[in-house]
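Shown next, in structure tokens, is the structure this report addresses.
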Amino acid sequence: MLRILKPPTTDLDELSKIQRKVAEIIVKRDEIRGLNTIAGCDISFSKKDRAYAACVLLKYPSLKEIDNKTIEVGVNFPYIPTFLAFRELEPMLRVTKDLKADIYMVDAQGLAHPRRAGLASHLGVVMDRPTLGVAKSRLCGEAEPPSDEKGSYSLLKDGREVIGAVVRTRTGVNPVYVSIGHKISLERAIEITLNTSPKYKLPEPIRAAHKLATKAMKGRS
DNA sequence: GCGACAG
DNA sequence: ATCTTGTCGC
């Protein structure tokens, strides 16, 4: 599994095989052991492949911040749609490692990926911890638009397979794309997404991590 | 061949 | 993701 961190190649066919292995390991059942804390992870990029990864630990369901961490890292792998994990997984693991949460929310897809192995799932499998993905836009799959009211959602499907949900976290605002990462059910992922979005489109864990990553980037450039 | 395409 | 000011709307 360390091959995910240090890919033996940059050949996309080989990396696809690694992702298929990750997909085989994903646990779609809810294995959360008491949900009292939730962490949000995000990364901001400045020039020259210099990145700032941030992780914020929040209490659940109060969403009060407990702790956070940011790191500066060099990134070599480029952004290639469907291969995001090979660019962002390592920084995310490093910033996430010291913050112990009952579940980690990632600003990316999880199961809702062509090979069923988005960044959120990679993180969960490598850490062997529950994760879910909440993305701002669609990577693959199709879904009916959910109704306008906050709380409504529709299933995201690839053919007949359900790979995630399109969730309205705020009335009248574009929905987010929710999918399981690891050791969680889609129903629970949707519930957590809604419970952590009291005011804005994006869930608080992701908003907090995004703000922190951006702040770290501006502060050191 | 053409369009789509997380961050 | 990042580059960037004002502006429309609740």
Side-chain angles (χ1 to χ4, degrees), chain A residues 4 12-13 15-16 18-19 22-23 26 40-55 70-96 104-125 131-143 148-150 156-159 163-182 186 189 193 199-203 205-221:
Chain A
I4 298 174
L12 301 187
D13 288 326
L15 296 182
S16 292
I18 291 177
Q19 294 183 316
V22 170
I26 295 174
C41 321
D42 191 37
I43 300 177
S44 286
F45 290 86
S46 59
K47 303 215 168 191
K48 184 197 151 293
D49 294 328
R50 179 64 48 187
Y52 299 82
C55 184
T70 64
I71 58 172
E72 175 177 18
V73 293
V75 175
N76 38 24
F77 200 88
Y79 169 67
I80 302 173
T82 78
F83 293 95
L84 180 66
F86 297 102
R87 175 175 171 77
E88 301 196 353
L89 178 61
E90 182 163 352
M92 202 156 276
L93 271 172
R94 288 178 50 187
V95 79
T96 265
Y104 296 80
M105 183 182 279
V106 183
D107 179 23
Q109 309 286 354
L111 224 216
H113 178 281
R115 292 172 291 283
R116 307 295 180 264
L119 173 60
S121 292
H122 279 74
L123 182 69
V125 167
T131 62
L132 78 154
V134 178
K136 296 180 292 299
S137 59
R138 187 194 68 93
L139 208 211
C140 68
E142 303 144 16
D148 273 359
E149 322 81 59
K150 169 178 182 173
L156 180 62
K157 301 178 182 179
D158 187 352
I163 59 177
V166 182
V167 183
R168 192 81 66 180
T169 49
R170 210 186 150 168
T171 300
V173 175
N174 290 157
V176 294
Y177 294 75
V178 178
S179 59
I180 69 167
H182 187 47
L186 177 59
T193 297
K199 190 172 166 74
Y200 303 100
K201 164 183 172 174
L202 293 179
I206 287 178
R207 290 188 72 240
H210 185 65
K211 266 198 287 186
L212 188 57
T214 301
K215 176 184 171 187
M217 178 178 79
K218 293 170 116 179
R220 295 168 207 176
S221 63

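Computed from heavy atoms alone, side chains included, the values below leave out hydrogens, waters and symmetry copies. Proteins come first, then strands; the chains are lettered A, B, ... in the order of their sequence lines, and each starts at number 1.
- Among the atoms of the strands shown, only primed sugar atoms or phosphate atoms (P, OP1, OP2) are found under 4.0 Å from some heavy atom of A/H210.
- A/R116 and A/S121 form no side-chain donor-acceptor contact under 3.5 Å, judged by distance and modelled atom types alone.
- If you check every strand for non-hydrogen atoms under 4.0 Å, A/L119 touches a base.
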Under a 4.0 Å heavy-atom criterion, the protein footprint on nucleotides 5-10 of chain C, written with B, S and -, is ------
Trace of the side chain to side chain contact (heavy atoms under 4.5 Å, CB included) decision for A/Y52 with A/K218 | CA-CA 10 Å; A/Y52 299 82; A/K218 293 170 116 179; over 6 Å; no
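- In this structure, A/H122 and A/F86 have perpendicular ring planes: the angle between them is above 60°, well past the 30° mark.
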Step by step, would you call A/L139 with A/T82 a side chain to side chain contact (heavy atoms under 4.5 Å, CB included)?
-> CA-CA 8 Å; A/L139 208 211; A/T82 78; 4.1 Å; yes
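- One can place OH of A/Y52 at 15 Å from C1' of C/dA1, the figure rounded to the nearest angstrom.
- Taking every nucleotide of DNA chain B with any atom under 4.0 Å from a non-hydrogen atom of chain A, the first and last of them, 5' to 3', are B/dA4 to B/dG7.
- Judged as a salt bridge (charged side-chain N to carboxylate O under 4.0 Å, His left out), and not counting sequence neighbours, A/D42 has no contacts.
- Rounded to the nearest 0.5 Å, atoms CG (A/L89) and CZ (A/F83) are 14.5 Å apart.
- Between atom NZ of residue A/K47 and atom CE of residue A/M217 there is a gap of 11.0 Å, rounded to the nearest 0.5 Å.
- Helical stems in DNA chain C, defined as runs of 3 or more consecutive Watson-Crick or G-U wobble pairs with donor-acceptor distances under 3.5 Å: none found.
- Residues A/Y104 and A/H182 are not in side-chain contact: their nearest non-hydrogen atoms beyond the backbone lie 4.5 Å or more apart.
- Contact of the A/C140 side chain with the A/I163 side chain is registered, since non-hydrogen atoms from C-beta on lie closer than 4.5 Å.
- Taking atom NZ of A/K218 as the reference point, atom P of C/dT2 lies 10 Å away to the nearest angstrom.
- Using a 4.0 Å heavy-atom cutoff across all strands shown, A/A135 reaches sugar-phosphate atoms only and no base atom.
- With a 6.0 Å radius and a threshold of 12 heavy atoms from other residues, nucleotides or ligands, A/K150 has its NZ atom above the threshold.
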Between A/T131 and A/C41, does a side chain to side chain contact (heavy atoms under 4.5 Å, CB included) hold up when you go through it step by step?
-> CA-CA 11 Å; A/T131 62; A/C41 321; over 6 Å; no
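- Residue A/K136 is in sugar-phosphate contact alone, with no base atom involved, counting any heavy-atom pair closer than 4.0 Å across all strands shown.
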Could you walk me through whether A/V73 and A/E90 pass side chain to side chain contact (heavy atoms under 4.5 Å, CB included), step by step?
-> CA-CA 9 Å; A/V73 293; A/E90 182 163 352; over 6 Å; no
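- Of the residues in residues 81-91 of chain A, those lying under 4.0 Å from DNA chain B by heavy-atom distance are A/P81, A/T82, A/F83, A/L84.
- Put simply, CG on A/L123 and CE on A/M105 are 13.0 Å apart, with the number rounded to the nearest 0.5 Å.
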Which dot-bracket notation, 5' to 3', represents the base pairing of DNA chain B when pairs are defined as Watson-Crick or G-U with both distances under 3.5 Å, crossing pairs as [ ], and inter-strand pairs as |?
-> .......
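- Of the candidates A/I43, A/I80, A/D49, A/D49 is the only one forming a side-chain contact (heavy atoms from CB on, under 4.5 Å) with A/R87.
- Atom NZ of A/K157 has 12 or fewer neighbouring heavy atoms from other residues, nucleotides or ligands inside a 6.0 Å radius.
- The residue A/F45 sits close only to the backbone: its heavy atoms come under 4.0 Å of sugar-phosphate atoms, none of a base.
- Contact annotation: the side chain of A/R50 approaches that of A/E72 to within less than 4.5 Å [non-hydrogen atoms, C-beta and beyond].
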